[in-house]
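Written out below as structure tokens is the structure these notes cover.
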Amino acid sequence: MPELPEVETIVRDLRPHLLGRQIRQVVHINPQILRHPGAAQFGEAVPGRTVDGVLRRGKFIHVMLGRPERLVVHLGMSGTLILQPSEDLARPHTHLRLLLDSGLELRYRDPRRFGRVTFGPEEQLIAVGSLPVLGAEPLARAFPPCSVEAALERSGRSVKAVLLDQRVIAGCGNIYADEACFLARVRPTRRASQLTKVERDRLLRALPIVMRDAIRRRGTSFSDYRDGFGAKGEAFESLFVYGRSGYACVRCGSTLRRARVAGRTTVYCMRCQS
DNA sequence: CCCCTATCCTGAGGGC
DNA sequence: TGCCCTCAGGATAGGG
């Protein structure tokens, strides 16, 4: 599933091809994936707009379309946002097709339809609940801010649950939560408030490390994820624990265990992660 | 506040 | 070969 590193890879791929480009036509839009309030205006407001920014916030992709409106995409589980020549046949489950003046089409495809697209000024989207208020950015220079440390100190939830909470940390999903816990040698089932300061620091230092490493490898593709051009990422082979239940721990060799934590499949090493 | 579960949804993979 | 079943999970809503 696309998490921060995958979404960041897509944004970096798309940005140079979208900046300064004009959207000529909304070729196709599936209303089911378009969240209000942007749904009604979308088809009329978007053609003729020029892209003047492409950015990531958590797992959301913001395509700025002249102030104040923007197109915001969340890829959910199986979403892809890909640039293709307009003459290429669109694959099934393509829910949005935007024709650019470069002759390329920006295509949003999502077989499982867990993803969403919305359109409007950011404040308005937040006000109506189409965009959630997100927590700290793991790639920011100032990470981790006091707010994240405080959230961990305060919370009686599991470490895993706090890492997955987008209101605390934006962009962390199941893969990188497990990877960060492994690197920090913290068991994901631990109560967040019971971590020592040393463990907490190690965990919060580990998160940007595993994420930057995954970005370097252009993201983790184990099923649906593709970059901005439709290619797979290479990070899956380098993961410590995710998807490796039953295999040997890369650090100590003991068999990695699988458990259900905070409603998610969680893989960790019994020996390394105390 | 916190947890769990159901919901949305399709494709992959195992069993037979 | 092919069918059926299960499972995967990000976000959210609702119940305990």
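Because the structure is predicted, anything quoted here is derived from the model rather than measured. A, B, ... follow the sequence lines: proteins, then strands. Residue 1 opens every chain.
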Aromatic rings F119(A) and F42(A): how do their planes relate, parallel, tilted or perpendicular, breaks at 30° and 60°?
perpendicular
Which nucleotide wins on minimum distance to the side chain of R264(A), given the candidates dG9(C), dT10(B), dC3(B)?
dG9(C)
Using OP1 and OP2 only, check whether a side-chain N or O of R112(A) sits under 4.0 Å from dC8(B).
no
Minimum-distance pair of heavy atoms, taken over all atoms of H95(A) and D110(A):
NE2-O, 2.8 Å
Just checking T265(A): base, sugar-phosphate only, or nothing, at a heavy-atom cut-off of under 4.0 Å?
sugar-phosphate
Measure from the side chain of Q166(A), starting at C-beta and using heavy atoms only, and say which of dC9(B), dA11(C), dA8(C) lies closest.
dA11(C)
For this output row, return yes or no: ring centroids of H17(A) and F229(A) closer than 6.0 angstrom.
yes
Between Q32(A) and dC8(B), is there a contact of a side-chain N or O with OP1 or OP2 at under 4.0 Å?
no
Indicate, with a heavy-atom threshold strictly under 4.0 Å, whether R109(A) touches base, sugar-phosphate, or nothing.
nothing
I need the CZ-C1' distance between R226(A) and dG11(B), as an integer number of Å.
13 Å
Find the distance L152(A):CG to dC1(B):C1' and express it as a whole number of Å.
16 Å
Find the distance F236(A):CZ to dA12(B):P and express it as a whole number of Å.
15 Å
Taken to the nearest whole Å, CG/L164(A) to P/dG9(C) is 11 Å
Whole Å only: how far is the CZ atom of R260(A) from the P atom of dA6(B)?
11 Å
Please name the pair of heavy atoms, one in L139(A) and one in R212(A), separated by the smallest distance, quoted to 0.1 Å.
O-NH2, 3.3 Å
Mind calculating the distance between CZ (R167(A)) and P (dT12(C)) to the nearest angstrom?
9 Å
If the cut-off is 4.0 Å, is R113(A) near the phosphate of dT10(B), judged by side-chain N/O to OP1 or OP2?
yes
May I ask you to verify if any side-chain N or O of H93(A) is less than 4.0 angstrom from the OP1 or OP2 atom of dT10(B)?
no
Looking at every strand, decide which applies to R116(A) at a 4.0 Å heavy-atom threshold: base, sugar-phosphate, or nothing.
nothing
Measure from the side-chain heavy atoms of P111(A) and tell me the nearest of dG9(C), dT10(B), dC9(B).
dT10(B)
I want to check one thing: is the phosphate of dG9(C), taken as OP1 and OP2, less than 4.0 Å away from some side-chain N or O of S78(A)?
no
What is the distance from CG of L75(A) to C1' of dA11(C), rounded to the nearest Å?
14 Å
Intermediate values then yes/no, salt bridge (Lys or Arg N to Asp or Glu O under 4.0 Å), R56(A) and E8(A)
CA-CA 6 Å; R56(A) 179 194 59 74; E8(A) 180 66 24; 2.6 Å; yes
Can you name the closest pair of heavy atoms from R190(A) and Q194(A) and give their distance?
NH2-O, 3.4 Å
Out of dC8(B), dA8(C), dC3(B), minimum distance to the side chain of F114(A) belongs to dC8(B)
With the side chain defined as heavy atoms from C-beta on, K59(A) is closest, among dG11(B), dA11(C), dG9(C), to dA11(C)
Look at Y242(A) and dA8(C) and indicate whether a side-chain polar atom (N or O) is within less than 4.0 Å of OP1 or OP2.
no
